[in-house]
Asker: 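Could you have a look at this structure, given as structure tokens, before my questions?
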Amino acid sequence: MQRSERKDLRWRIGFATAAVVCIVALIGAFLAINYQRTVYQNQMYLEASTNQAVDRLDSVFESSQQSLFLARHLFEAEQPAPDKICDELVLLESGTPFEYLAFESAEGVVYNSRGKIAEVPPRENPIAEPGVVTVDDDRISEGLSIVFMEPVHDENGKYLGVLTGIWGNELLEDAISATYFNDYVSTYLCDADGDTSIIAYSSKLVTGDPEKLDIAAVDSTEGDTVGEMMAEMDHGDSVSFAYDSPRGLGLAYMVELADHEWILLRTYPASINSSVAESANIYGLAAVGAIIAIFIIAIIVIVVRSSRQNKAIALENEQFKRVVDASSALFKRFAVIDLERDTYEYIKGEDLDQRLPMRGTFNHFVDFWVSQAIYDDEREKVFEMIGASNIVDNFADGVQILRFEYRINYRGETHWLQPSMVCLRRDEYGRATSVLYAVQDVTDVKAEEARAREALEDACRAADQASHAKSDFLSSMSHDIRTPMNSIMGLTAIATMHMDDPDRVKDCLQKITMSSRHLLGLINEVLDMAKIESGNIGLSEDDFDLPEAVENLLTIIHPQVAARHQHLKVDITDVTHEHVVGDFMRLQQVFVNIMGNSVKFTPEEGTVGLSIRELPTRISGCGHYEFTFTDTGCGMSEEFVERMFEPFSRANDNRMTNVEGTGLGMSIVKSVVSLMNGTIDVHSKLGEGTTFVVTVHLKLRDVDAEDVTHLADLNVLVADNDVTACESACQLLEDIGMKSEYVTSGNDAIARVKEAYDANDEFTAVILDWKMPGKSGIETARELRTILPEHVPIIILSAYDWMAVEQEARMAGIDAFVSKPLFRSRLVHVMNSLLGGKKQDEANDTDLLREADLSGKRILLVEDNEITATIGLDLLSFTGAEAEHAENGQVALEMLYDNPPGYFDLVLMDGQMPVMNGYEAAHAIRQIGESERPDLATLPIVALTADAFADDVKRALKAGMNAHLSKPLEIDSLVKVLAEFLG
């Protein structure tokens, strides 16, 4: 520690010590002064209270003398007989303040109100005047007593005796007692004659003889004795003094009664004196402490505020420093230009590299930076901005900031500079005389602007391409929609012209159906894309079976495959959960779009394949399914694969010129798969084909399994040229408990059946693939039927349309058909129907409607389109139900309201209609049902509308409808709904 620091420390310690000593001295002086002030105040209080007691005693004694005076007059007036005197005294005593009354006769007989009679020597000098005396007679009272006397005379003035009233010590003590601050104090009534006898007292200040004051006990602090103090009273009527006691300093005050030769002495005990002083000190110290605390708090507040201000200042300085640093980092160079002196000086000058001095003449500054510009026009711009006269002109009219840009060549690279000039000072005429010149390198900013401009141009080109794509789409749609429409119109005309040829009409109707489905698919694609772009697409959750979904897919695809003479290959692997919950229509839409493209872009004799596999999953209650679509078509380029899921995208390939399509199908596929939390991968190569792999998660549902116990150990032969298909079929058969073996051709199947028949180990059933090299399944079945007994069923397994060859197959002896891929549930169902005594139920649409048997039921069909209404009424007629028609929702509401309850059993309600649409009508029907017609609240209402999306279904249910059917109407769906509400 340095010498100066040690000296400073000693000075601080000395100052702190002196401050503490001063504080202690001040507190001691305060306590002493406070004590003296308290003693003085207590002395004043003692004198005041004692004077009040004296006045009270004088008043009490005067009142007592008056009451005795009245009692004497009453006694004289009554003049009771000697035997009645005590009773009379008792009566008189009740009106006086005395302890008791007594009468002393002139003969020396004493009577009192207590009933006592005594004889005393007669008085030598009878009492002539009223008076008050002190008497020390134990017969009267213990200790000294005050006796008031009144002489008694008869009516002739003869002296009869003296009537006395006695104040005993107890009464006197009550009269003179007092308390200070709830503490008892000592009060003495003394006789003022020479020995200063105590007449009465309210506590014992004295020791020894209680009737005499102990001189030692009452020596005053000034050295006066009681006698000396009594002598002092000759010069006045009161004396104050202090005395020492074991508890401290006590106070006393003596005052003479005005009308009597008595003295009242009252003390102020040292305990009360000390207590009052201590309380005053405590309050004083508390006040001092409060002042010190307030002072300390004020200091703390000042320190805190000062600290906060310092922090705020520090923060502002830090922020200012950051701004300066940021500005310094933002600008490469700062220079102050003095136009009056024609000088410049750089405050910061990065990258100058001694090419230009940090300070110098302004003309040199201008020449240098003008020369640094790359292009002539930019050199002129720099000179126009920083030339001395030009700066003055540019900063005219109150302009404060100027900014410009130009390019320089620095170390072989082009840099963009952006100088900014700020006017620092002007002369009295407003002309700029000093300027801050700051230079910022904006090369990166310019590069980013160039990139942004390029991106904007790319976006503009993409928008143009999208616009052209939509124009091409409309052009394509015009052609694509007109094609099936022309087919429908032409085939309708042909059917009309050949009404007498049923086969020709049937063929036309089948082709019209195919064209209608194709047209519906085109329209659905456009509508779906509009839904997807608006964000309104939703998914429904329906119970369905995977076999049904695949069968519907193959039913749609078969005609296209057959028309192009393509090969269809369908496989299934490890599918253990066939019953699921999901959006069946959306999933089928995905499959049809992908497989439809495979068929369209695969040449004749090409191969289109579908493979289904169930993958392991960790999601409880869900199945993970993989659908792989393959084809040997023309394939796609890598560039087109990257954008194939964009709307309206079609590859520019002359091989696809005549292929119909909207360019929306794959965009819809991508959106639907994403909604299902699935994935879609594409692998394609030009000229070699394409593979789509779609994975989706579907909820699983439990269904009751068919009984297969009667199929156990039955032997089945499988014949298929595809070994994989054979192995898959045999695995399924073994899973349900049957025995199986397979061969790969029709001839091998015939040979194996003969071998088993000769060995008396014949097969229970035979499964044949329809299309096999050499002998087809039908040809093989024809030969096997000559070997096998009639009870042994032959089953055809194929991915192709069964209806095309059903008649030929039945004639060849085939008993049943199972579609590929072979699902376990379908195989069990067929085997149970053939080997378990059950027959497969096969019914057409007409049979389904007739079997519904709704005789006695009445249905209201609400439909604004006459043709659609006619078709609906015809279909309902096959069920046996009575059907009535309403052309809009308002008419339907009136018909329901006008007819009695129970007249209609069900309402089929269209959605979009004039006057009142179906949703409004359903809502109105339910409102009437709640208020007037309870039957309308429960009447089944089924939506039958072309609004077929998931949101449309929710809208119908929210409006109060019970179910939803979409157009075009499917007969089996209609039958299910009718059975649900009318069955």
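Computed from heavy atoms alone, side chains included, the values below leave out hydrogens, waters and symmetry copies.
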Asker: Do R933 and P901 make a side-chain contact, defined as non-hydrogen atoms from C-beta onward lying under 4.5 Å apart?
Answerer: yes
Asker: Hey, what's the ring geometry for F98 with F148, parallel, tilted or perpendicular (30° and 60° as the breaks)?
Answerer: tilted
Asker: I'd like to check L163 versus L68 (side-chain heavy atoms, cut-off strictly below 4.5 Å). Are they in contact?
Answerer: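 The answer is yes; the side chains approach within 4.5 Å.
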Asker: For a 4.5 angstrom cut-off between non-hydrogen side-chain atoms, does I925 reach L893?
Answerer: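 SC-SC contact between I925 and L893 confirmed.
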Asker: Can you see which heavy atom on T96 is nearest to which on A71, and at what distance?
Answerer: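 For T96 and A71, the tightest heavy-atom pair comes out as CG2-CB, 4.4 Å.
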Asker: State whether the side chain of S113 and the backbone N or O of L101 hold a donor-acceptor pair below 3.5 Å, judged by distance alone.
Answerer: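 Answer holds: yes.
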Asker: Would you say K954 and L957 make side-chain contact, with heavy atoms under 4.5 Å?
Answerer: no
Asker: Is the closest side-chain heavy-atom distance between V336 and S434 below 4.5 Å?
Answerer: yes
Asker: With side-chain contact (heavy atoms from CB on, under 4.5 Å) as the test, would you mind laying out the steps for F103 and V162 before giving the verdict?
Answerer: CA-CA 6 Å; F103 175 70; V162 60; over 6 Å; no
Asker: Where do R266 and S49 come nearest, in terms of heavy atoms and distance?
Answerer: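 Between these two residues, the closest heavy atoms are NH1-O, 3.5 Å.
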Asker: Is a side-chain N or O of E76 found less than 3.5 angstrom from the main chain of H153, in a donor-acceptor match?
Answerer: yes
Asker: When you check the gap from the basic side-chain N to the acidic O, do R926 and E930 get nearer than 4.0 Å?
Answerer: no
Asker: Indicate yes or no: does E99 engage R114 in a salt bridge with an N to O separation below 4.0 Å.
Answerer: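 Answer for the salt bridge query: yes.
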Asker: I want to check something: taking the side chain as every heavy atom from C-beta on, are V132 and Q65 in contact at a cut-off of under 4.5 Å?
Answerer: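 Contact flag for V132/Q65 side chains = yes.
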Asker: So, D58 side chain and F61 main chain: donor-acceptor pair closer than 3.5 Å or not?
Answerer: no
Asker: Just by distance, do the side chain of T50 and the backbone of E47 share a donor-acceptor pair under 3.5 Å?
Answerer: no
Asker: For Y897 and E932, which I'm curious about, is there any donor-acceptor pair between the side chains at under 3.5 Å?
Answerer: yes
Asker: Report the C-alpha distance between K958 and Y919 in whole Å, list the side-chain angles of each, state the deciding distance to 0.1 Å, and finish with yes or no for side-chain contact (heavy atoms from CB on, under 4.5 Å).
Answerer: CA-CA 9 Å; K958 185 178 180 180; Y919 307 105; over 6 Å; no
Asker: Okay, side chain of T164, backbone of M149: is any donor-acceptor separation there less than 3.5 Å?
Answerer: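 Side chain of T164 to backbone of M149, a donor-acceptor pair under 3.5 Å: no, none is there.
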Asker: Suppose we screen for side-chain contact (heavy atoms from CB on, under 4.5 Å). Which residues come up paired with V399, at least two apart in sequence or across chains?
Answerer: F395, L402
Asker: Starting from the C-alpha separation in whole Å, work towards a yes-or-no answer on side-chain contact (heavy atoms from CB on, under 4.5 Å) for W167 and V147.
Answerer: CA-CA 6 Å; W167 271 69; V147 178; over 6 Å; no
Asker: Above 12 or not: heavy atoms from other molecules or residues under 6.0 Å from CD of E155?
Answerer: no
Asker: Which atoms form the tightest heavy-atom contact between P82 and Y111, and what is the distance?
Answerer: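 For P82 and Y111, the tightest heavy-atom pair comes out as O-CE2, 3.6 Å.
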Asker: May I ask you to test the S67-P97 pair for a side-chain heavy-atom distance under 4.5 Å?
Answerer: yes
Asker: Could you walk me through whether F69 and H73 pass the ring pair (Phe, Tyr, Trp, His ring centres under 6.0 Å) check?
Answerer: CA-CA 7 Å; F69 173 77; H73 277 285; 4.3 Å; yes
Asker: Quick check against the 3.5 Å criterion: does S64 have a side-chain atom that pairs as donor or acceptor with the backbone of V60?
Answerer: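 Judged by distance alone, yes, a pair lies under 3.5 Å.
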Asker: Side chains of P130 and P151, heavy atoms from C-beta outward: is any pair under 4.5 Å?
Answerer: yes
Asker: Evaluate the criterion side-chain contact (heavy atoms from CB on, under 4.5 Å) for residue pair L91 and L74; output intermediate values, then yes/no.
Answerer: CA-CA 10 Å; L91 293 174; L74 292 173; over 6 Å; no
